[in-house]
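Take a look at the structure set out below.
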Amino acid sequence: MRDKYDFTAIESKWQKIWEEENAFATSDEQDKEKYYVLEMFPYPSGKLHMGHVRNYSIGDVIARFKKMSGYNVLHPMGWDSFGLPAENAAIKNGIHPFSWTNDNMNDMREQLKSLGFSYDWDREVATCKPDYYRWMQWIFIQFYKKGLAYKKNNPVNWCPDCQTVLANEQVVDGCCERCHTPVTKKHLSQWYLKITDYADKLLANLEELPGWPDKVKAMQKNWIGRSEGAEVTFKIDGFDKDLVVYTTRPDTLFGVTYMVMSPEHPYVKELTEGTEYEAAVNKYVEESAHKSELERTSLTKEKTGEFIGYYAINPVNGKKVPIYISDYVMMDYGTGAIMAVPAHDQRDFEFAKKFGLDIIPVVDVPDVDLDNLTEAAAAEGTMINSEEYNGMNNKEAIKKITADLESKGLGHGTVNYKLRDWLISRQRYWGTPIPMIYCEKCGWVPEDEANLPVLLPTDVEFTGKGESPLTTSKTFRKCTCPKCGGAAEREIDTMDTFLDSSWYFLRYCDAHNEEMPFDPAKVNYWMNVDQYIGGVEHAILHLMYARFFQMVLHDLGLCDAEEPFKNLLTQGMVIKGYYDKDDNYIKAKMSKSLGNVVAPSEIQAKYGSDTARLFILFAAPPEKELDWSDEGVEGSYRFLNRVYRLVYEYINDIRGEQSEFPEPKAENETDKSLNYMINATIKKVTEDAGGRFNFNTAIASIMEFVNEIYKYKQNAEINLPLFNKAIETLLVVLNPFTPHITEEMWSQLGHEDRLYDHAWPAYDNKALVKDEVEVIVQINGKLKDKMKLPNNSNKEVTEETARGLEKVIEAIGDKTVVKVIVVPNKIINFVVK
RNA sequence: GCCGGUGUGGCGGAAUUGGCAGACGCGCGGGAUUCAAAAUCCCGUGAUGGCAACAUCGUGUGGGUUCGAGCCCCACCACCGGUACCA
């Protein structure tokens, strides 16, 4: 054993041994309780960043801990390897996306191995490989057969820079999630998945996920956006079709003073064609069509609109109200038209003020001057100006009016969602081909399942312009119809890569199956994922799509579980301070443009992987953001050196030739206190690392333990068996965090077995019971003194001893003791007056 | 606006069930070792007053409950994240 901690040699030595021993291969033998720990698989960009290291270090500690605790652990890794960067690299450098991606996967696999993560590499999946996307296509076809995939011509979100459409979930602040270009609208015929069919279940099941952060559940709930209300039918005076509106406030029907249709509403053209209003309305429709999502939804914007020349008839009182169009009403929510109640809705209020429309209050809201409204009164109150409903509470009126409308056939209660169907077509090359074929005779037909996969062609030009790159292939597009055998054409769009990542966790359960996407028996053993770990940025997109897939696959009878992820841990970002141009110190997410990036490889080269892992786990609890500190890394490195020296000196200076020890006995005070620390540390690490995932405090307790061993070592007399036990315990409990150094020293101690396979130690409760405890003495809740008492001393003894303390006598003085509170072994409080 | 979260030393953070606030680490100060330095080891380190023993104050603000509150309740402030003309 070298006297210096040579992390480079130790780490490569053990990584090699683990590989040779196939240390982390998962058994499909269903003889033990299973534990499935999963980290979100990466996009193979080529370089691992600190966020990855954090994500995977957390997962690795859990995986190693569970394995040592006797579980059959599944801990896989793979690649979310379709996507734009590969295609952009192809456009820029002329490298084929596959070879670019494959090189990156190879590089990153080596980086992951160099960090000592305990993955079962036999189960590696890459979504860009035909053996994976074949089953992606198969699943798509099952969706199609179940009526859950359809093609529709619709205005869609279009990113002019990426030259592709985007799902609603990929539009962030009106801009492309990926390149931040403002998104525009375009009319295109595209494939959709009917996620809205599952809106209710996606929402309801959230209640059954206690292991998910409230934050993520709230975000999904918000995104699904369920609202209860009513659809109300208004007649249009002089027009033969009815105008149906959606409202959550049917109680305000008597306060309707005008109506608004979305500029895209299908009636608009019919109603205005050939009228004096046509020109102005067309101009308005034209203008709003050209506005970006960003401009149209901007809050500060003043209300705009046009009167279209028609009046609607209020079904409850026969009153005629003018109909406007305005872009504050969206075509894709509700019915695309609203009844406007300016007295009780802020948007309607602003519009009414601008256009000089009536404002009629119908709910008397306490503490609001209804004659001089300065803003809409949206709160609860009592019905007024509403004929037979006057005097009711407005909440009751909602129910009553809805029921009355229903009985008269003028409306009905209904539920609306903000969630839209998932647009999955992408005008890109590097994705799973949508396995659909268009035949003039038969329409859209899925590819024959026996012919899967529909392979991506290789004769494709990458120009970054125009429609889908697949059109440039000479071989791909033309095919025969699987139904009638006639000439037909393939779909040339590819799938959103979020489909690929919506079921990869199922493929890991049976990664090499060539007959089906996975064997249900294997999936039913491994699923759900017991612990899923990843960034919160996937709270809506990936985590909702994956839930949707799981539900559909469940309904298809392919797996029992309806929810994929039992417990979810969203790790915080890695941030680092930097100085901006005005020399202000700012903390921000590591990013190239800010120049505050620390590359994992730098840290590994300077301090080793164990130090990198230790620091990242120690610096903050996993769900909080982690403030990178170079000094902190030094500290972690110092600690590992301290451990190394401790064991080195033990082997060389203390232990001598002896390597076998009897069960230790702890008889004197110092031995007892070391024995206490041994067991207290096991308990603390078991609970913190294995239970509540507070790795920072688990590590802190191991540090305390090491400090304690150092102190013990200074004793004149060392109880060798006990000391040996302390050292061995230290190595075992530290192993999940820093596997290389501990494995090395374990073998230096002469052990033949491996720590990765070693049983997690149990603690001895008896050792945790102290003979003497320290009890806090308070007067009126303020700390006055402390005293040592035999363990479990009763109230009488505690009080008597405390009353004898000088400070207590002094503090009580001539005052009276009103009450004495004793919490045995903890505290005694005298209440004095 | 709505939803979720956070607020504790110079810094990252502990305090798990209402019971010693500040574990552990960083930084800083002092000492030992060294020709010297690095490394290492030891001691100290919330604020104020005091030579000291010690006293007083102290977990964003204001109030409350309690023998006792960082933790529970009420009202507010600040910051972070999500979301939004969603009718």
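Order of the sequence lines sets the chain letters (A, B, ...), proteins ahead of strands, with each chain counted from 1.
Using a 4.0 Å heavy-atom distance criterion, A/T248 is classed as a sugar-phosphate-only contact. If you check every strand for non-hydrogen atoms under 4.0 Å, A/P213 touches nothing. Among the atoms of the strands shown, none is found under 4.0 Å from any heavy atom of A/G225. In this structure, A/K782 reaches the sugar-phosphate backbone alone: every heavy-atom distance under 4.0 Å involves primed, P, OP1 or OP2 atoms, never a base. Within 4.0 Å of A/D627, counting heavy atoms only, lie sugar-phosphate atoms of the nucleic acid but no base atom. Within the nucleic acid shown, A/S701 has no heavy atom closer than 4.0 Å to any nucleic acid atom. Within 4.0 Å (heavy atoms only), A/Q346 reaches no atom of the nucleic acid at all. Using a 4.0 Å heavy-atom criterion, one finds that A/K215 contacts the sugar-phosphate atoms exclusively.
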Given A/Y333 and A/K418, is the side chain to side chain contact (heavy atoms under 4.5 Å, CB included) satisfied, shown in steps?
CA-CA 7 Å; A/Y333 184 76; A/K418 287 191 221 171; 4.1 Å; yes
Evaluation steps, side chain to side chain contact (heavy atoms under 4.5 Å, CB included), between A/V775 and A/T801
CA-CA 10 Å; A/V775 174; A/T801 317; over 6 Å; no
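Comparing B/A21 with B/C2, their C1' atoms sit 36 Å apart, to the nearest whole Å. Taking the C1' atom of each, B/A23 and B/G70 are spaced 15 Å apart, rounded to whole Å. Nucleotides B/G9 and B/G25 are separated by 14 Å at their C1' atoms, to the nearest Å. Atom name P, nucleotides B/G63 and B/A52: the rounded distance is 34 Å, in whole Å. Across the C1' atoms, B/C20 and B/A14 are found 14 Å apart, a figure rounded to whole Å. Taking the P atom of each, B/G68 and B/C86 are spaced 49 Å apart, rounded to whole Å. To the nearest whole angstrom, the two C1' atoms, one in B/G19 and one in B/G12, are 27 Å apart. On the P atoms, B/C41 is 10 Å away from B/C26, given to the nearest whole Å.
Closest approach to the A/Y328 side chain among B/G12, B/C85, B/A23 is made by B/C85 (side chain taken as heavy atoms from C-beta onward). Across B/U83, B/A87, B/G13, the shortest atom-to-atom separation from the side chain of A/M330 is found for B/A87. Comparing B/C24, B/G19, B/G82 by their closest approach to the side chain of A/I827 singles out B/G19. For A/I821, taking side-chain heavy atoms from C-beta onward, the closest of the listed nucleotides B/U83, B/A87, B/C67 is B/C67. With distances taken from any side-chain atom of A/E631 to the nucleotides B/A21, B/C26, B/A15, the minimum falls on B/C26. When each of B/A23, B/G5, B/A87 is scored by its nearest atom to the side-chain atoms of A/D214, the top-ranked nucleotide is B/G5. Side-chain atoms of A/K624 lie closest to B/G13 of the nucleotides B/G13, B/C20, B/C3.
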Can you list, pair by pair, the side-chain donor-acceptor contacts under 3.5 Å of residues 690-700 of chain A, counting residues two or more places apart and other chains?
residue	atom	partner	partner atom	Å
A/R692	NE	A/D688	OD1	3.1
A/T697	OG1	A/D688	OD2	2.7
A/T697	OG1	A/N694	O	3.0

May I have the list of side-chain donor-acceptor pairs in residues 337-348 of chain A shorter than 3.5 Å, sequence neighbours left out?
residue	atom	partner	partner atom	Å
A/H344	ND1	A/A377	O	2.8
A/H344	NE2	A/V362	N	3.0
A/H344	NE2	A/V363	N	3.1
A/D345	OD1	A/R347	N	2.9
A/D345	OD1	A/R347	NE	3.1
A/D345	OD1	A/D348	N	3.1
A/D345	OD2	A/R347	NH2	2.5
A/Q346	OE1	A/A376	N	2.9
A/Q346	NE2	A/E350	OE2	3.3
A/D348	OD1	A/Y328	OH	2.6
A/D348	OD2	A/V341	N	2.9

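Residues A/F351 and A/Y258 place their aromatic rings such that the two centres sit under 6.0 Å apart.
Judged by distance alone, with hydrogens and angles left aside, A/K303 brings a side-chain donor or acceptor within reach of the base of B/C85, the pair sitting under 3.5 Å. Taking only distance into account, the side chain of A/K819 never meets the base of B/C67 through a donor-acceptor pair shorter than 3.5 Å.
Of the residues near RNA chain B, A/T697 and A/K784, the one whose nearest nucleotide (by heavy atom distance) lies more toward the 5' end is A/T697. Where A/A218 and A/F618 meet RNA chain B, the nucleotide closest to each residue was compared, and A/A218 sits on the side nearer the 5' end.
In terms of phosphate contacts, A/K217 brings no side-chain nitrogen or oxygen within less than 4.0 Å of OP1 or OP2 of B/C3. Listed pair A/N696 / B/A14 meets the phosphate criterion, a side-chain N or O lying under 4.0 Å from OP1 or OP2. Contact check, A/Y246 against B/A87: no side-chain N or O comes under 4.0 Å of OP1 or OP2.
A/R226 has a carboxylate O that lies under 4.0 Å from a charged side-chain N of A/D200, or vice versa, which qualifies the two as a salt bridge. With respect to the salt-bridge test (charged N to carboxylate O, under 4.0 angstrom), the residues A/R249 and A/D251 qualify. Between A/E799 and A/R803 there is a salt bridge, since a side-chain N of the basic residue sits under 4.0 Å from a carboxylate O of the acidic one.
If you take CD1 of A/I575 and P of B/C79, they are 17 Å apart, rounded to a whole angstrom. For A/F349 and B/G1, the CZ to C1' distance is 16 Å, given to the nearest whole Å.
For the pair A/D785 (side chain) and A/V777 (backbone), a donor-acceptor distance under 3.5 Å is absent.
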So which protein N/O to nucleotides 68-71 of chain B N/O distances come out below 3.5 Å?
none

Look for any protein N or O under 3.5 Å of an N or O in nucleotides 41-46 of chain B and output each such pair with its distance, or none.
residue	atom	partner	partner atom	Å
B/C41	OP1	A/R642	NH1	2.6
B/C41	OP1	A/R645	NH2	3.4

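Where pairing requires Watson-Crick or G-U contacts shorter than 3.5 Å, the helical stems of RNA chain B with at least three consecutive pairs are B:1-7 with B:77-83, B:10-12 with B:24-26, B:27-32 with B:40-45, B:46-49 with B:54-57, B:60-64 with B:72-76.
When all heavy atoms are compared, the tightest approach of A/K713 to A/I718 is O-CD1, 3.8 Å.
Contacts of A/W628 classified as side-chain hydrogen bond (donor to acceptor under 3.5 Å, both in side chains), with partners at least two apart in sequence or in another chain: A/D630.
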